[in-house]
Engineer: 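Just passing along the structure, written as structure tokens.
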Amino acid sequence: VPLPDGMPPGTYDLVARVDEPYSGLTLHASANAAASQGEPIIASIQVVLPETPPAADEVDVPMQVTGQARPGLQVLGSNRLPASIQAGHTLDVELWWYAPQQPGADYTATLRLLSHGQVVQQWPVSVAPDLPSSQWRAGECAIGRYRLALDRDLPAGNYLLDVVGDGPEGSSVALTNLEISAYVDPQTLIDQISHPVEGVTFSDHIELLGYDLSTEALQPGEWVRLTLYWRCLAPPAQDYVVFTHLLDDQMQVQGQRDAV
């Protein structure tokens with residue numbers, strides 16, 4: 001199992017997951033097995049810092065980004081960021097930071113969303129929350145992970161996501177362009193359901209709001225597209241599978257499709 005460069009030191013659980021290929025169902029560990037979020041723990045491993053940090057040009061990053069956020073603090077890359085996202089959604093960002101010299105201080109930065117050169121939303125962050133830069137050595141590489149909640153009222157359009165080091169010597173490093181679509185109120189989708197239902201809940205976690213059918217009259221051998229609309233009432237403890245059955249007037253199954 002390859003570990004990414006810059007992974008923060010600490011204790012991690014090595015887990016295994018088994019997925020059913022047809023439905024995508026995840027098979028969970030039995031109740032008497034040690035598990036992390038339903039996945040069996042194979043072992044606990046201790047990740048430590050390498051004796052010698054990798055050189056900047058040797059760090060393996062999903063997307064290369066080159067820039068200096070402030071003197072002595074460089075951005076080497078990021079995770080693979082989406083090209084488009086809806087306003088009101090959350091954007092997960094990972095940045096690989098590098099310091100050629102020992103910082104000796106806890107650096108902070110600001111992730112910014114810009115439209116036509118103007119900042120429309122920003123998020124102050126610690127550069128690497130799991131390994132503060134005051135603990136870095138010269139040549140240290142560290143990953144910073146951030147969850148950015150986009151405002152719902154962002155107008156649709158093209159935006160630039162960048163990061164800038166805090167302080168008078170901070171400078172901007174462009175990360176990616178984002179095409180942001182307008183926020184869609186869930187109630188709008190609910191109002192468009194052709195067959196709404198009420199009072200159908202499962203384990204007090206999930207509510208079935210209704211369904212759409214592509215057709216209600218078809219011939220043997222033809223397909224019907226069924227769209228189900230769900231609402232989460234509480235975070236489920238595990239994954240669920242929907243068993244969809246087509247029954248005749250004798251309640252015999254004449255067709256079925258199972259999926260997550």
Side-chain angles (χ1 to χ4, degrees), residues 15-31 33 35-40 79-93 113 115 121 147-159 176-260:
V15 302
R17 190 176 79 180
V18 178
D19 292 336
E20 200 280 323
Y22 175 72
S23 67
L25 170 66
T26 297
L27 305 180
H28 292 280
S30 61
S36 174
Q37 298 183 349
E39 299 175 350
N79 59 324
R80 297 193 180 278
L81 298 169
S84 60
I85 192 172
Q86 186 183 124
H89 285 204
T90 299
L91 179 65
D92 289 319
V93 177
L113 194 64
S115 174
Q121 193 174 357
R147 303 207 75 187
L148 311 182
L150 303 181
D151 288 340
R152 292 184 177 183
D153 57 357
L154 288 172
N158 189 267
Y159 293 79
T176 191
N177 288 304
L178 283 173
E179 188 68 31
I180 297 182
S181 57
Y183 173 74
V184 177
D185 189 340
Q187 188 59 49
T188 302
L189 298 177
I190 294 173
D191 293 341
Q192 296 174 353
I193 298 174
S194 60
H195 297 81
V197 298
E198 296 182 0
V200 180
T201 60
F202 300 86
S203 301
D204 297 325
H205 291 96
I206 302 173
E207 178 185 10
L208 178 62
L209 299 176
Y211 62 94
D212 292 337
L213 289 172
S214 58
T215 180
E216 297 188 31
L218 65 161
Q219 299 293 323
E222 294 180 341
W223 286 74
V224 59
R225 180 178 296 277
L226 169 66
T227 303
L228 300 175
Y229 295 89
W230 304 94
R231 175 158 53 197
C232 178
L233 303 177
Q238 60 184 13
D239 294 331
Y240 290 91
V241 172
V242 176
F243 297 91
T244 306
H245 294 165
L246 180 67
L247 306 179
D248 61 19
D249 55 3
Q250 301 298 314
M251 302 302 290
Q252 298 298 310
V253 176
Q254 297 298 326
Q256 81 177 70
R257 183 67 183 267
D258 308 329
V260 173

Engineer: Residues two or more places apart in sequence or in another chain: which of them pass salt bridge (charged side-chain N to carboxylate O under 4.0 Å, His left out) with D151?
Structural biologist: none
Engineer: Nearest 0.5 Å, please: how far is OG1 in T176 from CG in L81?
Structural biologist: 5.5 Å
Engineer: About how many Å separate OG1 of T90 and CZ of R147, when rounded to the nearest 0.5 Å?
Structural biologist: 5.5 Å
Engineer: Examine distances only and state if a side-chain atom of N177 and a backbone atom of N158 form a donor-acceptor pair shorter than 3.5 Å.
Structural biologist: no
Engineer: Is there a side-chain contact between L154 and L113 (heavy atoms, below 4.5 Å)?
Structural biologist: yes
Engineer: Listed by chain and number, what are the side chain to side chain contact (heavy atoms under 4.5 Å, CB included) partners of Q86, not counting sequence neighbours?
Structural biologist: H89, S181, Y183, V184
Engineer: Side-chain donor-acceptor pairs under 3.5 Å in residues 218-227, sequence neighbours left out?
Structural biologist:
from	atom 1	to	atom 2	distance (Å)
E222	OE1	Q219	N	2.7

Engineer: Suppose the criterion is salt bridge (charged side-chain N to carboxylate O under 4.0 Å, His left out): which pairs have a residue in residues 182-191, not counting sequence neighbours?
Structural biologist: none
Engineer: Once rounded to the nearest 0.5 Å, what's the spacing between atom CG of L178 and atom CG of L150?
Structural biologist: 7.5 Å
Engineer: Give the table of side-chain donor-acceptor pairs shorter than 3.5 Å for residues 229-237, with sequence neighbours excluded, one pair per line with atom names and distance.
Structural biologist:
from	atom 1	to	atom 2	distance (Å)
Y229	OH	D212	OD2	2.5
R231	NE	E207	OE1	3.3
R231	NH2	E207	OE1	3.2

Engineer: Run the side chain to side chain contact (heavy atoms under 4.5 Å, CB included) test against D249 and tell me which residues pass, sequence neighbours left out.
Structural biologist: none
Engineer: Not counting sequence neighbours, which residues clear side chain to side chain contact (heavy atoms under 4.5 Å, CB included) with E198? List them please.
Structural biologist: none
Engineer: Listed by chain and number, what are the side chain to side chain contact (heavy atoms under 4.5 Å, CB included) partners of S84, not counting sequence neighbours?
Structural biologist: E179
Engineer: Can you name the closest pair of heavy atoms from I180 and A87 and give their distance?
Structural biologist: CG2-N, 3.7 Å
Engineer: Just jot down the ring pair (Phe, Tyr, Trp, His ring centres under 6.0 Å) partners of H195, sequence neighbours excluded, or say none.
Structural biologist: Y211
Engineer: Enter the distance from N79:CG to L91:CG here, rounded to the nearest 0.5 Å.
Structural biologist: 8.0 Å
Engineer: Taking C-beta and beyond as the side chain, do V253 and L246 meet within less than 4.5 Å on heavy atoms?
Structural biologist: no
Engineer: If you compare all heavy atoms of A182 against all heavy atoms of A156, which two are closest, and at what distance to 0.1 Å?
Structural biologist: N-CB, 3.8 Å
